[in-house]
Each structure stands twice: as C-alpha cells, then as structure tokens.
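In the text below, chain A, chain B and the rest are named by the order of the sequence lines, each starting its count at 1.
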Amino acid sequence: METNNYNTNREFSRRQFISLTALAGAGLLLNPLNLNANENEATSLMIRGLLPIFLLYHTSQLSQISPAIKPQVKEALSFSIYERTPVNQAFAGLLIPSNIKPSQPFELGHTIAKIVSEQFGLLYQKAKDETEKRTMQCYLEACLIRNLMGEDIQQIKKEELTLFFRTMLAPMITRTHTLKPDPDKGADWVVKLTRWKREQFEYLEKLADTVITPNARLEKIYVAKNNFYNANDAIIKALRNNNLPLNLSEWSNNQSVYGKALMKCYKQLIG
Amino acid sequence: MSEHYSHIAVYEDTVTLIKNSNEFPPLFQEAFNKAYDSGLNCSSSRGNHLWAVPILEKYKAGFPANEPEEEILMKIAGALGWLTHRGADLVVKPVLRKIKAAQLPGFDEQECSVYFDAEVFRQVYDSGRRSTRSPYHLISPFTFAKNFNLPHIKTSQSLEEVFTYYWLTELAGLNDFVNNEKNGTEWGKKMKLSFQEFSEDYRSYIQAFTAPSDEKTQKYLIETNYYNPEDILLKRLRNSSETVVFEADLIESGKNGSLYAQCVQRSYSFVSEAARYFTNQISKKELYERIEIYGDQQL
C-alpha cells in the first residue's frame, strides 16, 4: 500500500533553522517601531488571546504575497504546522512584557504585541469589568473567525464547531511530541495547565456559539460600533485576493481598527 | 515511547485499576477524583524525573495552610500521572531503541511510535467512539480523521493553523519567567529553551490509522506484540465497570503480556511504590530506586 513519507522534519537541518530564525528577526529591524514615548495604561495593556495571533498570522500571509519582501524573509515567516519553522519563535515574542526589550528572534512578535496594545487597548478599556472584557474579546475573536471561514459558516452547526475546536487540542499537543513543564516551577505549572485547559474548554464552546449565533445587540456594541473589522478595507481585500500591489498608496485606505493594525504590522516588515 | 495517545491511555487504564483497589491512600483517590485531568495532562508531559517525587515528598507530611487544597490535589494527581509516563517509557523505549539500531530502510522508531498511537486509538478509544474520562481532553472520531472529518469545511486547515499557534503561544505563556523575568536577554534565553516546536507531523498519525501499511503493521505492531486484545488484563480493562475489582495476580499478569499490558502493569507498580512512600513504608531513596531513577537524577 502506497503511503506518503512525512519525515520532512528530519531533513530541515539545525543550521538552516538558525539562519532563517535570524533572518526573521533581522527582517524586522529595518524599521524599528517607535510608539508613543509615554506609554499610557491603554498602550501598555497586554492583550492576549486570538487577536494578536490573527494579526501575526495575517502578517505572515501578507509577507508571502508581497513583492517587496525578499525570498529568505518569506521563508523565515512562512507558516506550517507540519514542521519546525522559525516563525514559531515570533509567536513567543507576543508574550514579552511591554517593558522588556526583546532580543532576536522575538522582535516580530513583540512588535505586533505592541501594535495590538496601541490599536486595541482603548477598546478593551471601555469594558467595565473582567467579565465584559472577556465577552468583548469573544465577540472580536468570533468576528475574525467568521471572516476567516467565509461561506463555510453556512455549512456547520454550533455543536459541530465546538466539537471541532475542542478536538483540535489533543493533536496540537501531539505535534509538540510532549509538553515541557516550566523548568523552574513544575509543580505550579501543573496547576496553571489544569486551570488553563478547563477555562479553554469552556471558552471554546462560548466562542463557537458566538461565531455561529452572535447576539445581535452585543455584536453591534462590540464589533460594529467600534468599527473593529471591515472586509472592504484595502489590506483585507488584498489578503483575500492574494494580491498585494507594490504601491502602498493603492491599498493604504483602511477604515477599521483591525485593518489599520494590520497595515501597521505590514509596514514594519517592509520598512 | 513518548507519544500522546499511548501515554494518556496507559494513565487512564492505570487509574481504573487504582480506583478499584483499597490499597491506595485516600488522598490519592481524592486526587484522581477531583483532579483527574491534572494527572492526564502530566501523563503525556516531560519532567517526571524532576517533579513527581518532590511533589509527593512535600505533601506527604500534610497540607501547608497557605496552599489551597484544590491545587494540592492537582499537584498530587500530576505527580502520579508523571509516574505513569515513566512506567510506560521504561517498557517501550528499549523496543524503540532496537528498531532504531536495526536501521532498516523505510522503518524508524519515530514512525513506530506513531503506529503505537494509532493502535491505541483503535483499541482503547474504539476509533474515537470513546473519549477520555476527562471532560477537558476530547478524543472523537475527528481526532484521527483527514480534515477532521469536515471535508465540506474548506477553511478547516486555516482554522487549525490559527488555533494551533494560539495554543502554542498560550502554553508558552504558562511559564513563570514570562511575566517575572525582567532582563530581556535572560527572557530570550529561557524562552528559547521552553518554547515548543512542531516536531511531529500529524498527517503521519492520520495515515497510520486510516491507511496503515501492511508491512509496517507487521513490523511495528505484530512483531513487537504491542497490543494484544486477548491479554486477560486488557480484556478486563476494556470491559470494566466502576465496581469491578482487579485482583493482584490479574494486574501482575500484565508483566507477561503485550507491551501495552506491560506499560499498564509497570505504571500501576510505580504508583503503588509511591503509595508505600506516601504512607512511610519505604524511604525516598527506596522509592527512587523502585521507579528506576538513579544517582544524580535523585533530588
């Protein structure tokens, strides 16, 4: 019986990996981001969850279709869940606290995390408490998922989407081989991991529900009134069409908060 | 053996034996009842030689007043889950090393582990019709399916990419240094050591289940005698109910069974030794030796 050989990981040499990782970092030092010198509370707010992930994901996709980015940097930023890629380290950069200067290869992630804080911090500050913040987060993330899925939304029920989301977690862990505990605080890590997984499982159901059947009133408050996402934004259309003109002025017209944030991320790449 | 599904299955079967026994401290049973998922998480994680015994040592004497009981139970369950990981590894790794040493073209130990996982998915999880006993760790018929059995959802791969990286980042964020290390260079060094990579291609798992090679099935599953559903211990486990008691000689019979049965028996014996230590029947040094942690690795 013919089978595919999925042994590509072993052919990606350590030397290639290190050099590509450095390129991913170096590519983003071309135009260091200079945010507000006086960081206020909104811009120093660390925003986690799917929002920064989507921004980094879309930035990576833009890098692949951009004529302005060198092949080596494209390769360094390419996505794959089937093998080790340097872009993995960019995600770690999302976690750097805002008051720490990052070292390579975490520059890209750190830059994007700061853009997220700057662009979305004020939105999050409108929430009156943690519960509302979490609800807002859910609506914003659901909006991004819905736009990623496009017409597929019509093909899947809420329960199926919940099952799909939850089912993906075990394969994700499998891809890492085995999880590494905190090297210094393994016992505390047990507690953190347990709590995180329990919260995540509950959240995934809420997220799937919001993707498929959002509450119209909350959708208006958190997404529409905040002008969070506009599918007609030039940069979002460019992503969807896989077509990125070289002339920035052709596609710099972005109205939504997300479109503007994505444009900012892309400008960091091209300098 | 360091593959996910095999380890969690061994944990689950080991806990089934333990739950139906009166030989374990009430605290262990309580940990499994209230923090079963903590044990399951650790059963498929690294670090058993570092963390299992120190956790048991700390709480053997009692619960510190400043620590919530719920968290202590999570840590104890985690320690016991880690011991099952060790038990399974010690059975299977020598077999995998032999496959590696043989260097037969087209065969390797990593792929063998993948076939082990696919077999566990078939036998223990009934090809996805049965999930784990934890509500926070789902196995479904989607788990080993191409496109998660959603071929009509064209964006399923994109969704999987986004969520996979999301969780990868979230898990990295659980490390204490992420928020507490103030030096950027040190932060970077620690993150490079901690950050996980995708070293496994999940497509190979799906293929091992949906389209296994006859040749590889022979080499990896039959010649190694990985899982024999006729092993009496495994038959009883697959047909067990909550009230079934497993006799000591039945559990012991696992030693002479298929590799998977040996994994369960060994893991059970390691948790038994932990119970003896916890109730002061053996010393810490004796525990280390009985779970085969020697010399410098003892803490």
Side-chain angles (χ1 to χ4, degrees), chain A residues 1 3-4 6 8-9 50 53-54 57 79 81-84 88-89 91-92 94-97 100-103 106 148-150 152 155-156 163-194 196-198 201, chain B residues 2 4 37-38 41-42 44-47 50-51 55 71 74-75 78 136-140 142-143 148 150 152-155 158 160-169 172-176 178-179 184-185 187-188 191 193-205 207 211 213-214:
Chain A
M1 185 182 293
T3 55
N4 293 315
Y6 293 122
T8 51
N9 277 323
L50 279 160
I53 304 292
F54 262 103
Y57 184 67
F79 248 78
I81 53 176
Y82 298 119
E83 56 196 3
R84 295 177 170 110
N88 292 9
Q89 308 262 17
F91 284 90
L94 291 173
L95 298 167
I96 301 177
I100 284 190
K101 186 172 161 43
S103 53
F106 305 115
L148 186 150
M149 291 182 74
D152 281 348
Q155 309 292 328
I156 192 164
L163 183 63
F164 174 38
F165 284 169
R166 287 173 166 173
T167 303
M168 283 195 286
L169 188 51
M172 180 266 153
I173 295 172
T174 306
R175 291 177 197 282
T176 68
H177 189 266
T178 38
L179 291 181
K180 292 185 199 178
D182 186 319
D184 300 319
K185 300 196 173 183
D188 290 345
W189 175 84
V190 177
V191 174
K192 286 185 184 177
L193 178 61
T194 302
W196 176 81
K197 269 183 83 187
R198 290 178 182 181
F201 254 65
Chain B
S2 294
H4 184 74
D37 50 330
S38 300
N41 294 338
C42 289
S44 58
S45 301
R46 303 176 210 187
L50 293 173
W51 300 110
I55 287 173
E71 292 185 4
M74 289 178 188
K75 291 175 189 177
Y136 309 110
H137 204 86
L138 185 64
I139 287 178
S140 78
F142 287 359
T143 300
F148 290 94
L150 297 168
H152 55 298
I153 304 299
K154 297 180 182 25
T155 52
S158 300
E160 193 185 4
E161 286 171 358
V162 168
F163 275 88
T164 297
Y165 275 99
Y166 164 51
W167 289 323
L168 186 75
T169 311
L174 297 180
N175 288 300
D176 184 74
V178 170
N179 293 319
T185 306
W187 195 101
M191 184 52 83
L193 288 173
S194 303
F195 201 71
Q196 311 249 197
E197 294 174 319
F198 299 136
S199 56
E200 310 299 312
D201 188 332
Y202 201 73
R203 290 172 298 188
S204 63
Y205 286 75
Q207 185 169 280
S213 141
D214 291 342

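The two residues B/Trp51 and A/Ala187 come nearest to each other via the heavy atoms CE3-N, 4.0 Å. Contact between B/His137 and A/Ala170 at its shortest, heavy atoms only, is NE2-CB, 3.8 Å. The two residues B/Asn179 and A/Pro97 come nearest to each other via the heavy atoms CA-CG, 4.4 Å. Closest approach of A/Asp182 to B/Asp176, counting heavy atoms only: OD2-N, 2.6 Å. Nearest heavy-atom pair, B/Ile153 versus A/Met149, reported as atom, atom and distance to 0.1 Å: CG2-CE, 4.5 Å. Of all non-hydrogen atoms in B/Cys42 and A/Trp189, the two that sit nearest each other are SG-CZ3, 4.4 Å.
At a 4.5 Å heavy-atom cutoff, the contact between A/Phe91 and chain B is made by backbone and side-chain atoms alike. Neither the backbone nor the side chain of B/Ile139 comes within contact range of chain A; no heavy atom of the residue lies under 4.5 Å from a heavy atom of that chain. Contact of B/Phe195 with chain A is made through backbone and side chain together, with heavy-atom distances under 4.5 Å. Only the side chain of B/Leu150 has a heavy atom closer than 4.5 Å to any heavy atom of chain A. If you measure heavy-atom distances from B/Leu168 to chain A, the contacts under 4.5 Å come from both the backbone and the side chain. Interface remark: B/Trp167 contributes backbone and side-chain atoms alike to the contact with chain A (heavy atom separation under 4.5 Å). The parts of A/Leu179 that come within reach of chain B are both its backbone and its side chain, each placing non-hydrogen atoms under 4.5 angstrom from that chain.
Separation of atoms CD1 (A/Ile156) and NE2 (B/His152) is listed at 5.5 Å; rounding is to 0.5 Å. Note: A/Arg175 CZ to B/His4 NE2 = 12.5 Å, rounded to the nearest 0.5 Å. The line from CD1 of A/Ile173 to CD of B/Gln196 is 9.5 Å long, rounded to the nearest 0.5 Å. Atoms CE and CD1, on B/Met191 and A/Ile96 in that order, are 7.5 Å from each other to the nearest 0.5 Å.
Side-chain contact check for A/Pro183 versus B/Leu193: every heavy-atom pair is 4.5 Å or farther apart. Contact annotation: the side chain of B/Trp187 approaches that of A/Leu95 to within less than 4.5 Å [non-hydrogen atoms, C-beta and beyond]. Looking only at side-chain heavy atoms (C-beta outward), B/Tyr165 and A/Ile81 come within less than 4.5 Å of each other. Between A/Met168 and B/Thr164 the shortest side-chain heavy-atom distance does not fall below 4.5 Å.
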Inset, instruction - Carefully, step by step, assess B/Asp37 and A/Arg198 under the rule salt bridge (charged side-chain N to carboxylate O under 4.0 Å, His left out). - result: CA-CA 9 Å; B/Asp37 50 330; A/Arg198 290 178 182 181; 2.8 Å; yes
Inset, instruction - Report the C-alpha distance between B/Val162 and A/Ile53 in whole Å, list the side-chain angles of each, state the deciding distance to 0.1 Å, and finish with yes or no for side-chain contact (heavy atoms from CB on, under 4.5 Å). - result: CA-CA 7 Å; B/Val162 168; A/Ile53 304 292; 4.2 Å; yes
Inset, instruction - Begin with the C-alpha distance, continue with both residues' side-chain angles, and end with the deciding distance and a verdict on side-chain contact (heavy atoms from CB on, under 4.5 Å) for A/His177 and B/Arg46. - result: CA-CA 10 Å; A/His177 189 266; B/Arg46 303 176 210 187; 4.2 Å; yes
Inset, instruction - Go through the steps for B/Phe163 and A/Phe165 under the test ring-ring contact (aromatic ring centres under 6.0 Å, His included), then give the verdict. - result: CA-CA 8 Å; B/Phe163 275 88; A/Phe165 284 169; 4.6 Å; yes
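Using cut-offs of 30° and 60° on the angle between ring planes, the pair B/Tyr136 and A/Phe201 is perpendicular.
For A/Lys192, there are no side chain to side chain donor-acceptor pair (under 3.5 Å) partners at least two apart in sequence or on another chain.
Comparing A/Leu163, A/Asp188, A/Leu94 by how many heavy-atom pairs each has under 4.5 Å with chain B, the most go to A/Leu163. Between chain B and the residues A/Asp184, A/Val191, A/Asp152, A/Thr194, the largest count of heavy-atom pairs under 4.5 Å involves A/Asp152. Among B/Gly188, B/Gly78, B/Gly47, the residue with the largest count of heavy-atom pairs under 4.5 Å with chain A is B/Gly188. Of the listed residues (B/Gly184, B/Ser158, B/Ser45), the one with the most heavy-atom contacts under 4.5 Å to chain A is B/Ser45.
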